[in-house]
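A quick write-up on the structure given underneath.
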Amino acid sequence: MHQAGFNQYKQQRTFIQMGTILKVVDNSGSKKVMCIQALKGRKGARLGDKVVVSVKEALSGGKVKMEKGEKSKRVYYGVVVRAAMHRGRCDGSEVKFDDNAVVLINKQGEPIGTRVFGPNTHELRKKKHLKILSLAEHIV
């Protein structure tokens, strides 16, 4: 097999930027959100960064409301807890995930939900999101 053609089929990992669909991994009632704006950096958001999101899919009866037939008008803040783009660590290892996921927060920076599902990274500790880490079920 020829090695030159292998790289063109490799999936490109990018920053979380405007228009990226993100999975919500808490029990706030929302399932999918779309990134409106990354609050830090010119290129986009990475692990632990805050983003402004609009709700695309929500469960009925959750804390995050979305009326039937309503297109995404609800705007929230979120913290990126999983990102498909790799992140290098001080010890030389790298961490990356299969999906992009956020936890919804209020204006004070506290999570809206009371549980956080799936693995989270300890990089959130550096960004001062200790409440999210205390709710997480697994820290990588």
Side-chain angles (χ1 to χ4, degrees):
M1 181 171 167
H2 191 37
Q3 285 291 343
F6 179 74
N7 288 335
Q8 78 183 42
Y9 296 111
K10 212 171 188 182
Q11 185 178 1
Q12 183 68 30
R13 305 282 183 176
T14 59
F15 289 95
I16 294 169
Q17 53 196 352
M18 187 169 65
T20 304
I21 301 294
L22 304 161
K23 183 178 171 182
V24 179
V25 292
D26 60 6
N27 62 346
S28 60
S30 178
K31 291 196 295 186
K32 284 188 181 179
V33 293
M34 184 179 75
C35 179
I36 295 175
Q37 182 182 12
L39 293 179
K40 185 182 175 195
R42 290 191 317 237
K43 290 184 179 179
R46 294 182 101 180
L47 282 173
D49 291 343
K50 289 184 183 178
V51 291
V52 180
V53 297
S54 69
V55 176
K56 290 296 182 186
E57 279 184 40
L59 298 170
S60 60
K63 292 178 188 174
V64 174
K65 302 284 187 209
M66 191 170 165
E67 305 297 325
K68 187 165 183 136
E70 178 185 17
K71 296 283 185 188
S72 60
K73 294 179 184 171
R74 306 291 175 147
V75 176
Y76 291 93
Y77 290 98
V79 174
V80 179
V81 294
R82 290 200 298 259
M85 186 175 183
H86 66 87
R87 163 87 185 214
R89 290 185 171 169
C90 297
D91 61 355
S93 64
E94 288 185 349
V95 62
K96 69 178 174 181
F97 296 96
D98 293 335
D99 60 347
N100 297 315
V102 295
V103 171
L104 297 183
I105 58 173
N106 58 16
K107 297 218 180 209
Q108 290 78 32
E110 300 165 353
I112 295 174
T114 56
R115 294 177 66 197
V116 177
F117 306 110
N120 293 321
T121 59
H122 70 265
E123 275 86 5
L124 295 175
R125 189 177 308 277
K126 293 178 191 170
K127 305 273 183 147
K128 306 284 192 273
H129 299 296
L130 299 176
K131 183 74 175 173
I132 295 173
L133 280 176
S134 67
L135 297 174
E137 61 183 34
H138 186 64
I139 299 172
V140 179

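Worth saying up front: this structure is predicted, and the values here are computed from it rather than measured.
- Between K131 and V79 there is no side-chain heavy-atom pair separated by less than 4.5 Å.
- Here L133 contributes atom CG and E123 contributes atom CD; the two are 10.0 Å apart, rounded to the nearest 0.5 Å.
- Nearest heavy-atom pair across V64 and V55 is CG1-CG2, 3.6 Å.
- No side-chain heavy atom of V116 sits less than 4.5 Å from a side-chain heavy atom of P111.
- For the residue pair A45 and A38, the shortest heavy atom distance occurs at N-CB, 3.7 Å.
- In plain terms, the two heavy atoms of P119 and V140 that are nearest each other are CB-CG2, 3.6 Å.
- Minimum heavy-atom separation, S28 to D26: OG-OD1, 2.9 Å.
- Note: the hydrophobic cluster containing V51 does not contain M18 (ILVMFWY, side chain heavy atoms under 4.5 Å, direct or indirect links).
- In this structure, I21 and M34 have side chains that are in contact, with non-hydrogen atoms separated by less than 4.5 Å.
- Atoms CG and CG, from N27 and L104 in turn, are 10.5 Å apart once rounded to the nearest 0.5 Å.
- Side-chain contact check for K127 versus D49: some heavy-atom pair is nearer than 4.5 Å.
- Annotation for C35 and V53: closest pair CA-CG1, 4.1 Å, computed over non-hydrogen atoms.
- How far CG of L130 is from CZ of R125: 6.0 Å, rounded to the nearest 0.5 Å.
- Side-chain N or O atoms of K43 include none that pairs as donor or acceptor with a backbone N or O of F15 at under 3.5 Å.
- With a 4.5 Å cut-off on side-chain heavy atoms, V95 and H86 do not count as touching.
- The side-chain heavy atoms of I105 and I132, taken from C-beta on, include a pair separated by under 4.5 Å.
- The number of heavy-atom neighbours closer than 6.0 Å to NZ of K23, taken from other residues, nucleotides and ligands shown, is 12 or below.
- Between L124 and G48, the shortest heavy-atom contact is CD2-CA, 3.5 Å.
- Taking hydrophobic clusters as Ile, Leu, Val, Met, Phe, Trp and Tyr residues chained together by side-chain heavy-atom distances below 4.5 Å, V103 shares a cluster with V75.
- Heavy-atom neighbours of Y77 OH from other residues, nucleotides or ligands within 6.0 Å: at or below the threshold of 12.
- If you take NZ on K63 and CG on N106, they are separated by 10.5 Å, rounding to the nearest 0.5 Å.
- Under the 4.5 Å side-chain heavy-atom criterion for ILVMFWY residues, no single connected hydrophobic cluster contains both L135 and F117.
- Taking 4.5 Å as the limit, some side-chain heavy atom of V102 sits within range of a side-chain heavy atom of V24.
- Evaluation of the side-chain hydrogen bond (donor to acceptor under 3.5 Å, both in side chains) rule for T20 yields no partner, not counting sequence neighbours.
- Contacts of R82 classified as side-chain hydrogen bond (donor to acceptor under 3.5 Å, both in side chains), with partners at least two apart in sequence or in another chain: D99.
- K56 has its side chain out of reach of V33: every pair of non-hydrogen atoms, C-beta onward, lies at least 4.5 Å apart.
- The backbone N or O of G118 lies less than 3.5 Å from a partner atom in the side chain of E137, making a donor-acceptor pair.
- Remark: K31 NZ to E57 CD distance equals 5.0 Å, nearest 0.5 Å.
- Rounded to the nearest 0.5 Å, atoms CD (E94) and CZ (R87) are 11.5 Å apart.
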